Participant: 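Before anything else, here's the structure in question.
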Amino acid sequence: MIEVLERERTFHLSTEHTSMILHVMESGHVVSLYWGGKVYGKEFSYIVDELKKASYLAWTDGNRNFRLEQYPVLYPVFGNPDLRSPALHLRYEDGSRITNLRYSSYRVLSGKQKIPGLPTVMDRSEDGKESDEATLELVFADRSRGIRLKLLFSVFGKHDAITQSAVLINDSKGSVWVEKVMSACFSFLADEFDCITLTGAWAREFRRTRQSLRQGKFLVDSRRGASGHGQNPFLALTDPGCTEDTGNVYGMNLVYSGSFEASVEVDMQHNTRMMMGIQSFDFSWELHSGEEFYTPEAVLVHSDRGLNGMSQIFHRLYRERLMPPNWAERPRPIAVNNWEATYFDFDRKKLLDLADEAAGIGAELFVLDDGWFGHRNSDGSSLGDWKVNEEKLGGSLKNLGQEMKERGLGFGIWMEPEMVSPDSDLFRAHPDWIIAAPLEEPQVARNQYVLDLSRKCVREFVIEAVAEILEGGVIDYVKWDMNRNITDAFSGELFPGNQKELMHRYMLGLYGILEELTERFPEILFEGCAGGGGRYDPGMLYYMPQIWVSDDTDAIERLRIQDGASLIYPSVSMSCHVSAVPNHQIGRITPLKTRGIVAMQGVLGYEQDLTKCTEEGKKELAEQIGYYKTVRHIMQEGTFYRLRAGENDYAWMHISRDGSEILAGYVQVMAKPNTVPERLQLKGLEEKAWYALEGTDIVRTGSQWIHCGLELDQSMEDYHAVQWGLRRVEMP
């Protein structure tokens, strides 16, 4: 997977279907020669040797014919004659910001090592089995400054993915300040690309955005202390004509849950540079003598099979190499959450009545949402006081959980451990534990402050407070929420000159908390949430194998949200609930069948007052759940395809791991009069195999389903939905 061509100092990283080729120039600069479909050969340096000299660019090393700015520099550093955006920017004690890193050495390592303190895409090969992962370590040095940089490229051969991260080492006797350090950077000798990102806001996350590149710089970022609702830590460059199934795609996704930046720059010479890493705005890190700084890693994926091809690579990699291995392929329970049924207004009887109905329709998990602790009957108090309100619950949390289990239900709870309410015993005892600036009245959002997780004492409190609730074995699931972003960025424990370290130290603190809790309680299913999709990223998936995609539970809004999320994140990671109508977020009324089909694109759950359902409604819910249980393995373990994603209709499908079962869904948003019936073409089937359409006597070949498609019932109803199952059969 990693071939070293010693004679021309070139490194060929290859997966099953892709190649990435890096080359060390005579000057010691490393350039990116190629990334794309798999290539073969023993000589590649001609790609840069044949570049013609560009005009009006700075000379390099006094050589008028060597102008670094026109080359596809792999990891550019501020201070070189390359005046494009750098991936690394350092500041020294004497005030200089010039760094001159040149290639020093390399190592090829088997497997993949965990990045200290950070979530990592891992080599999980079992003992005695050959690993298909390997890592290339490129070492750069600025000997005059005593700085070393290691770039780590881990190749996941069978998964067609490469991860990149950086380690900065201070070998000098003084401190060095890191002002910017990217996780990944790649440059292309081309500029004809479209750029795809995922944008939005609370309740409308994951909007797919596509635009053509032009000369200049394009940036997506978050400065919120979380990856955010507005921008996901992802971008992709595509051929201009790229579709869901054809064309080249180059995707980057950052395994990080905090403030980030991702940029694409097209220069004067029609070259393109894409990079991604920790947000450099208001960031600085003092690297003391002998210390190392590790960046989060970025996942780099190329597909020549369009956007579906890219998505399938991300999905499989994240299921098999990122998500907790004991949950990655475990059937996810069908939850009933009491939030939209009761909000804060509940008692023991209400909860048990709701649980009786949940068990009656075949649900598998009851989730007690906000309001079970402290004296919390609104969002105005008690965050941080993680003591059970036994008066409100009519007994202990343990007893309530045992009653759920007697009904055949698992038991879960909602928590928001990163926050504290001004009206709480915790804040009254430790007002200095929040993130807040001196001499300023701390800003309140949603009646809460953010705890300073960069402080060891705060982390220890959070771990023990949560662990005390989880001990005893009654809790099967935790919904871990974060309902406000970080303002007033200041820590009372950091020196004045180190305050720009806070945002990253917060994330390291959070990851440390999650590492310990998930190791202590490996059988508990943790679901991530940040006001919905405000922190839906690979960093959280490392600890929490499913995430609440959006607080917007309207089925029609969810179509676009889930479509965008599916570009990167596997269906088994998407928590999707059927809620009541009129919908609580936007008031829309949609059929229960449509709500169920949309929610079955991910992990199915329910969020409505089942005690108010009619007998007919409960029967339909039970039928939905019963059907989902028979096809759950297809969605959670199978290969996903987007079939349509337009303004008025969406369609998708899953193919089971062995290829024998297919589940397809279709939703028409608005009815259209006087239209000719269309057909829905399927994808990914074996063309010569035979497939039966369940519930009918229709048997056709894969090629027929692919090219001729399914008949679409052109209903004259708005919000119409259909779901089909197909099964591979012997030739009739």
Side-chain angles (χ1 to χ4, degrees), residues 1-14 19-35 42-45 47-49 60-61 66 68 71-80 82 86-90 92 98-116 120 123 131 133-157 162-173 176 178 181-187 275 277 287 289-295 297-298 300:
M1 290 182 297
I2 299 176
E3 182 182 13
V4 181
L5 305 176
E6 295 280 4
R7 185 177 62 82
E8 67 164 19
R9 297 207 295 180
T10 296
F11 305 94
H12 186 174
L13 289 62
S14 61
S19 289
M20 178 181 287
I21 301 172
L22 314 174
H23 170 63
V24 183
M25 302 176 71
E26 291 184 6
S27 63
H29 298 99
V30 178
V31 291
S32 46
L33 296 183
Y34 175 81
W35 177 26
K42 297 294 183 181
E43 189 175 350
F44 299 97
S45 59
I47 295 172
V48 290
D49 292 343
T60 304
D61 297 341
F66 179 28
L68 190 64
Y71 288 86
V73 180
L74 176 65
Y75 198 83
V77 178
F78 180 84
N80 279 317
D82 184 349
L88 180 67
H89 190 180
L90 306 179
Y92 301 96
I98 309 302
T99 303
N100 190 6
L101 288 172
R102 306 292 175 108
Y103 169 79
S104 174
S105 62
Y106 79 90
R107 289 194 301 167
V108 175
L109 310 170
S110 62
K112 168 76 180 294
Q113 299 300 312
K114 173 96 168 60
I115 301 175
T120 312
D123 170 8
S131 170
E133 285 85 35
T135 299
L136 172 66
E137 177 188 273
L138 298 180
V139 182
F140 301 76
D142 183 336
R143 291 181 174 80
S144 65
R145 288 292 183 180
I147 296 296
R148 281 184 294 144
L149 172 75
K150 294 180 182 178
L151 292 184
L152 301 171
F153 296 85
S154 292
V155 182
F156 292 79
I162 296 172
T163 64
Q164 184 182 350
S165 64
V167 185
L168 196 63
I169 304 142
N170 182 4
D171 293 326
S172 73
K173 295 181 180 179
V176 176
V178 185
V181 57
M182 294 289 98
S183 297
C185 178
F186 199 90
S187 296
M275 64 175 71
L287 196 61
S289 176
E291 289 185 341
E292 299 179 344
F293 182 88
Y294 292 83
T295 73
E297 70 180 349
L300 282 63

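If you're wondering where the values come from, they're calculated on a predicted model, not measured in any experiment.
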Participant: Taking the side chain as C-beta and beyond, is there a heavy-atom pair between L151 and Q164 under 4.5 Å?
Facilitator: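 Yes. Closest side-chain heavy atoms under 4.5 Å.
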Participant: Evaluate side-chain contact (heavy atoms from CB on, under 4.5 Å) for L149 paired with V139, printing each intermediate quantity in order.
Facilitator: CA-CA 6 Å; L149 172 75; V139 182; over 6 Å; no
Participant: What about the rings of Y34 and F44, do their centers lie closer together than 6.0 Å?
Facilitator: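 No, the ring centres sit 6.0 Å or more apart.
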Participant: Shortest non-hydrogen contact from S104 to R143?
Facilitator: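 Taking S104 first and R143 second, the nearest heavy atoms are OG-NH2, 3.5 Å.
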Participant: With no hydrogens and no angle check, is any side-chain donor or acceptor of D82 less than 3.5 Å from a backbone partner on L68?
Facilitator: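 Flag not set: sc D82 to bb L68 has no pair under 3.5 Å.
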Participant: What's the shortest heavy-atom distance between H12 and S19, and which atoms?
Facilitator: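 Smallest heavy-atom distance, with atoms named: NE2-OG, 2.8 Å.
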Participant: Are T135 and S154 linked by a side-chain donor-acceptor pair shorter than 3.5 Å?
Facilitator: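 Yes, because at least one side-chain N or O of T135 sits under 3.5 Å from a partner of the opposite role on S154.
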Participant: Is there a donor-acceptor contact under 3.5 Å from the side chain of S32 to the main chain of L22?
Facilitator: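 Checked: no pair found.
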Participant: I169 versus I147: any side-chain heavy-atom pair under 4.5 Å?
Facilitator: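 They are not in side-chain contact.
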Participant: Could you tabulate the donor-acceptor pairs under 3.5 Å formed by side-chain atoms of residues 71-80, not counting sequence neighbours?
Facilitator:
residue: Y75; atom: OH; partner: M182; partner atom: N; Å: 3.3
residue: Y75; atom: OH; partner: M182; partner atom: O; Å: 2.6

Participant: Assess, by modelled atom type and distance only, whether the side chains of S45 and H23 contain a donor and an acceptor separated by less than 3.5 Å.
Facilitator: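 Note: S45 and H23 side chains miss the donor-acceptor criterion.
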Participant: Do the non-hydrogen side-chain atoms of F156 and T163 ever get within less than 4.5 Å of each other?
Facilitator: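 Result yes, sub-4.5 Å side-chain heavy-atom pair found.
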Participant: What pair of heavy atoms forms the shortest contact from S165 to I115, and how long is it?
Facilitator: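 So the minimum-distance heavy-atom pair works out to OG-CD1, 3.9 Å.
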Participant: Given the rule in the side-chain contact (heavy atoms from CB on, under 4.5 Å) test, do L90 and I98 qualify, once you have shown the distances and angles that lead to the verdict?
Facilitator: CA-CA 7 Å; L90 306 179; I98 309 302; over 6 Å; no
Participant: Any chance you could lay out the side chain to side chain donor-acceptor pair (under 3.5 Å) test for H29 and S27, step after step, and finish with the verdict?
Facilitator: CA-CA 6 Å; H29 298 99; S27 63; 2.6 Å; yes
Participant: Would you say that L136 contacts L152 through its side chain, given a criterion of any heavy-atom pair below 4.5 Å between the two side chains?
Facilitator: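 They are not in side-chain contact.
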Participant: The test is side-chain contact (heavy atoms from CB on, under 4.5 Å); show your working for M20 and L300 and say whether it passes.
Facilitator: CA-CA 10 Å; M20 178 181 287; L300 282 63; 3.7 Å; yes
Participant: Do V31 and I47 come close enough that some side-chain heavy atom pair is under 4.5 Å?
Facilitator: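 No, their side chains stay 4.5 Å or more apart.
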Participant: Taking the side chain as every heavy atom from C-beta outward, state whether S14 and E3 have any pair of such atoms under 4.5 Å apart.
Facilitator: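 A side-chain contact is absent here, since even the closest heavy-atom pair is not under 4.5 Å.
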Participant: Could you tell me whether R102 and D61 make a salt bridge, using a distance below 4.0 angstrom between a side-chain N and a carboxylate O?
Facilitator: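 Yes.
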Participant: How many angstroms lie between atom CZ of R107 and atom CD of E137, to the nearest 0.5 angstrom?
Facilitator: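 Rounded to the nearest 0.5 Å, the CZ-CD separation comes to 4.0 Å.
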Participant: Whether the side chain of R9 engages the backbone of M25 through a donor-acceptor N/O pair (distance < 3.5 Å, no angle test) should be reported.
Facilitator: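 It does hold such a pair.
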Participant: Does the N170 side chain pair with the main chain of L287, one donor and one acceptor, at a distance under 3.5 Å?
Facilitator: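 Yes.
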Participant: According to ring-ring contact (aromatic ring centres under 6.0 Å, His included), who are the partners of Y92, at least two apart in sequence or on a separate chain?
Facilitator: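 Residues passing ring-ring contact (aromatic ring centres under 6.0 Å, His included) with Y92: none at all.
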Participant: Step by step, work out the salt bridge (charged side-chain N to carboxylate O under 4.0 Å, His left out) result for K112 and E297.
Facilitator: CA-CA 12 Å; K112 168 76 180 294; E297 70 180 349; 2.8 Å; yes
Participant: Would a distance-only check, ignoring hydrogens and angles, find a side-chain to backbone donor-acceptor pair under 3.5 Å from T10 to E8?
Facilitator: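 Indeed, once roles are kept as given, a pair shorter than 3.5 Å links the two residues.
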Participant: Does atom CD of Q113 have more than 12 heavy-atom neighbours, drawn from other residues, nucleotides or ligands, at distances under 6.0 Å?
Facilitator: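 Count not over threshold, so no.
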Participant: Quick one: does L5's side chain get under 4.5 Å of K42's, heavy atoms only?
Facilitator: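 Yes, their side chains come closer than 4.5 Å.
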Participant: Could you tell me how the ring of Y103 sits relative to the ring of F11: parallel (under 30°), tilted (30 to 60°) or perpendicular (over 60°)?
Facilitator: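 Rings of Y103 and F11: tilted, as their planes differ by 30° to 60°.
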Participant: Side-chain contact, heavy-atom cut-off 4.5 Å: L138 with F153?
Facilitator: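 Yes; the side chains approach each other to less than 4.5 Å.
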Participant: Which heavy atom of D171 sits nearest to which heavy atom of R148, and what is that distance?
Facilitator: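 Looking at all heavy atoms of both residues, the closest pair is OD2-NE, 2.5 Å.
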